[in-house]
Amino acid sequence: MAVHLTDEEKRILDGKSGEPQRLALHVLTKLGEACGAERMVEIASAHLVASSYQIAGEAGIDIYSQLVRQGARVKVRTTSDPGSIDFARWRDFRTPADYAARQVKIAELLDQMGVIPTWTCTPYTTFNVPRYGDHLGWSESSAVVFVNSVIGARTNRLAAYVDLCAALTGRVPCFGLHLSENRRGQVVFQLDADLATDFVDHYFPALGYLVGQTVGDQVPVIVGLRHATFDQLKAFGAAAAASGSVALYHLVGITPEARTLEEACGGLAPAERISVGRREMAHVMEQMGAATAGPVDVVGIGCPHASIDQMRRYASLLEGKHIHPDTQLWVCTNVVVEEMARKMGYVETIERAGAKLLVGTCHNDCPLGAWSFRRLVTDSGKFAYYTPTTVGTQCVFASTEACIQAAIAGKVERP
Amino acid sequence: MSGPQRVLQGHGCAAGRFEGEVVVSRQPFGFWQGLDPQTGVVIDKRHDLCGTMIKGKIFVFPYGRGSTGTPGIFLEAVRNGCAPAAIVNVKSEPMIIMCALLAEAFFKVSIPIVDGLEAPPQDFLRTGDRVRIDGATGRIEVLSGG
């Protein structure tokens, strides 16, 4: 089906706005045709996932170099996802120098296109804060699910480079989650009353993992939760987007498109209802490796990137403590939170305990071959899903407190 | 050369024509963490094709398991000449279609994609079958095997 184009869009496709915009709009139009879009929609901002060398590789450097030579500039506010190195401390993390140089090359190319170098998976906490109802061209699954669900902005999960096409043209094809009828909840999860009344912090990523596994790319609705913090919503969505392809969820009474169950489901009866109790939670946490015990090489917290509230919590848990000499504790965050945490003394407390800040990247994005890690402990559902392949470790899922306790003890106990 | 043993009509998701050998999987596939773009070999230890070369093949799998980084790995494989030459799915998700669009736009390589055949392709195609695929019309001709 042909996508209806405005006169301006036709001019762009005729090359009147330059080759980068022509090529970008060509890709977006073809995508729109394949996905049944009737028109394009203008976007408020973009966020790019192929900012990391691990994702972009040499193909990405070729693509960005070509676009820069042709004079490409982003047309809307555009931020970068984590890179594959900590730009300030890559040597401390044993990143090979030639690898770091390729990431620096990508950074230069993105700079030349006008991308804001946030290097974070949580751009919505720094310089890319969408409003309710905004249309966006974002990738990074954990950020997409956050801005759709918690803010009520509208974006599909764009792919690497398609996000850049959106940034260059300020447009995306209007299909999927840009349309209200596709934002209705499809699968309802009802929490048992005794679980809901005592829903502790690390249940959020665990429930996200369970929900993602169950629904794939459908829209889940969760009934029974009374309260959730910003960071708990972030952890829940990141896990659901990793174990499934969840791009939007509704928490009844909490997220903006779900004041009631009826509103969350758009007035239609949901196809499926699933109840979740303590038994289901225990089962999913076992799948995430929560039952594993033994020595620990590395602990990963701050996935998605830690907020200032989380940095305060880590600092208070590490105050006056020392992590085990055979264990690494790496706290992942972005440069904005790092700066604020430094001013507030949290960085000093964390580093004095022997932990390291890993800024602008994370365990999943860095080359960690030189470390030979065998067992990683994390409080992140996303890490729990990906690190067995990205880092090649066994993974143990635990609460934030238990993660820090494991770093201090150098081992994880059976819960 | 004799005519095709069987002709199937699906939905063309990405244009291009190719004739070659089929590699069939019964499991969903994610290129990100699933394919080594330097060799074209499947590296996902949880996958039934782990260790199999899909470079230059018509890769048949039910649907994609897509991280948003998927085109990163896919285009790196295209650049190295290690990508599959064509793809047949039960249902092609936008992520995989985007990979073909980007390969065409940035590397001038057509990777035809067809989905929506009348029967699941993994039920009538076997690894090693020779097939002709047209990604514009959605037509698939099984030339030998099956």
Side-chain angles (χ1 to χ4, degrees), chain A residues 22-24 26-36 47-64 66-67 81 138-144 156-165 173 175-176 216-217 241-242 244-245 247 364-365 385-386 388-390 392, chain B residues 11-15 28 30-38 43-47 50 62-83 91-110 113-116 135-136 138:
Chain A
R22 188 203 64 79
L23 190 65
H26 169 77
V27 169
L28 295 170
T29 310
K30 288 279 175 196
L31 175 65
E33 283 171 15
C35 297
H47 179 71
L48 309 183
V49 75
S51 49
S52 124
Y53 180 61
Q54 194 186 76
I55 292 177
E58 293 301 317
I61 292 177
D62 284 356
I63 290 170
Y64 296 149
Q66 177 197 317
L67 289 168
D81 218 35
W138 284 34
S139 49
E140 169 53 49
S141 64
S142 74
V144 164
N156 288 317
R157 271 163 68 112
L158 290 189
Y161 310 121
V162 177
D163 48 16
L164 181 60
C165 293
F175 69 95
D217 64 355
S245 304
N364 259 328
D365 263 318
Y385 184 80
Y386 280 117
T389 38
T390 53
Chain B
H11 170 242
C13 299
F31 284 89
W32 172 243
Q33 303 299 339
L35 176 70
D36 177 358
Q38 313 300 333
I43 50 169
D44 180 353
K45 295 197 186 82
R46 294 174 281 202
H47 201 270
C50 189
Y63 57 92
R65 238 175 354 94
S67 146
T68 56
T70 301
I73 294 302
F74 194 91
L75 293 190
E76 188 73 357
V78 167
R79 180 184 183 272
N80 295 332
C82 291
K91 175 77 191 120
S92 299
E93 38 143 27
M95 200 62 72
I96 199 76
I97 298 170
M98 288 191 250
C99 286
L101 294 176
L102 293 162
E104 174 87 51
F106 289 109
F107 293 94
K108 312 279 180 267
V109 173
S110 309
I113 301 181
V114 170
D115 77 353

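Per chain, numbering begins at 1; letters A, B, ... match sequence-line order.
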Problem set entry | Side-chain donor/acceptor of B/Glu76 to backbone N/O of A/Glu58, under 3.5 Å | yes
Problem set entry | Which portion of A/Asp163 sits near chain B, non-hydrogen atoms under 4.5 angstrom | neither
Seminar exercise, completed: Closest heavy-atom pair, B/Gly69 versus A/Ala160, reported as atoms and distance to 0.1 Å, is CA-CB, 4.4 Å
Exercise. Among A/Gly244, A/Ser52, A/Ala159, which has the most heavy-atom pairs under 4.5 Å with chain B?
Worked result: A/Ala159
Exercise. What residues, two or more places apart in sequence or in another chain, satisfy side chain to side chain contact (heavy atoms under 4.5 Å, CB included) together with B/Gln33?
Worked result: A/Thr389, A/Thr390
For this session: Using a cut-off of under 4.5 Å on heavy-atom pairs, state which of B/Ser92, B/Pro71, B/Ala100 scores highest against chain A.
Result: B/Pro71
Exercise. So which part of B/Ile97 gets closer than 4.5 Å to some heavy atom of chain A, the side chain, the backbone, both or neither?
Worked result: side chain
Exercise. At what distance, to the nearest 0.5 angstrom, does OG of A/Ser245 lie from OH of B/Tyr63?
Worked result: 9.0 Å
Exercise. Checking heavy atoms, do the side chain of A/Ala56, its backbone, both or neither come under 4.5 Å from chain B?
Worked result: backbone
Exercise. Can you say whether B/Phe107 sits under 4.5 Å from chain A via the side chain, the backbone, both, or neither, judging by heavy atoms?
Worked result: side chain
Seminar exercise, completed: Heavy atoms of B/Trp32 and A/Gln54 approach each other most closely as CH2-OE1, 3.3 Å
Problem set entry | Straight-line distance of A/Lys30 NZ to B/Glu104 CD, nearest 0.5 Å | 8.5 Å
Problem set entry | Engaged part of A/Leu31 at the chain B interface, taking heavy atoms whose separation is under 4.5 Å | both
For this session: With sequence neighbours excluded, tell me which residues meet salt bridge (Lys or Arg N to Asp or Glu O under 4.0 Å) with A/Asp217.
Result: none
Exercise. Measuring heavy-atom distances to chain B, does A/Val27 have an atom under 4.5 Å in its side chain, in its backbone, in both, or in neither?
Worked result: both
For this session: Evaluate side-chain contact (heavy atoms from CB on, under 4.5 Å) for A/Ile55 paired with B/Ile73, printing each intermediate quantity in order.
Result: CA-CA 6 Å; A/Ile55 292 177; B/Ile73 294 302; over 6 Å; no
For this session: Just do the side-chain contact (heavy atoms from CB on, under 4.5 Å) check on B/Leu101 and A/Tyr161 with the steps written out, would you?
Result: CA-CA 11 Å; B/Leu101 294 176; A/Tyr161 310 121; over 6 Å; no
For this session: Assess whether side-chain contact (heavy atoms from CB on, under 4.5 Å) is satisfied between B/Thr68 and A/Trp138, documenting all intermediate values.
Result: CA-CA 10 Å; B/Thr68 56; A/Trp138 284 34; over 6 Å; no
Problem set entry | Spacing of B/Met98 atom CE and A/Asn156 atom CG [to the nearest 0.5 Å] | 7.5 Å
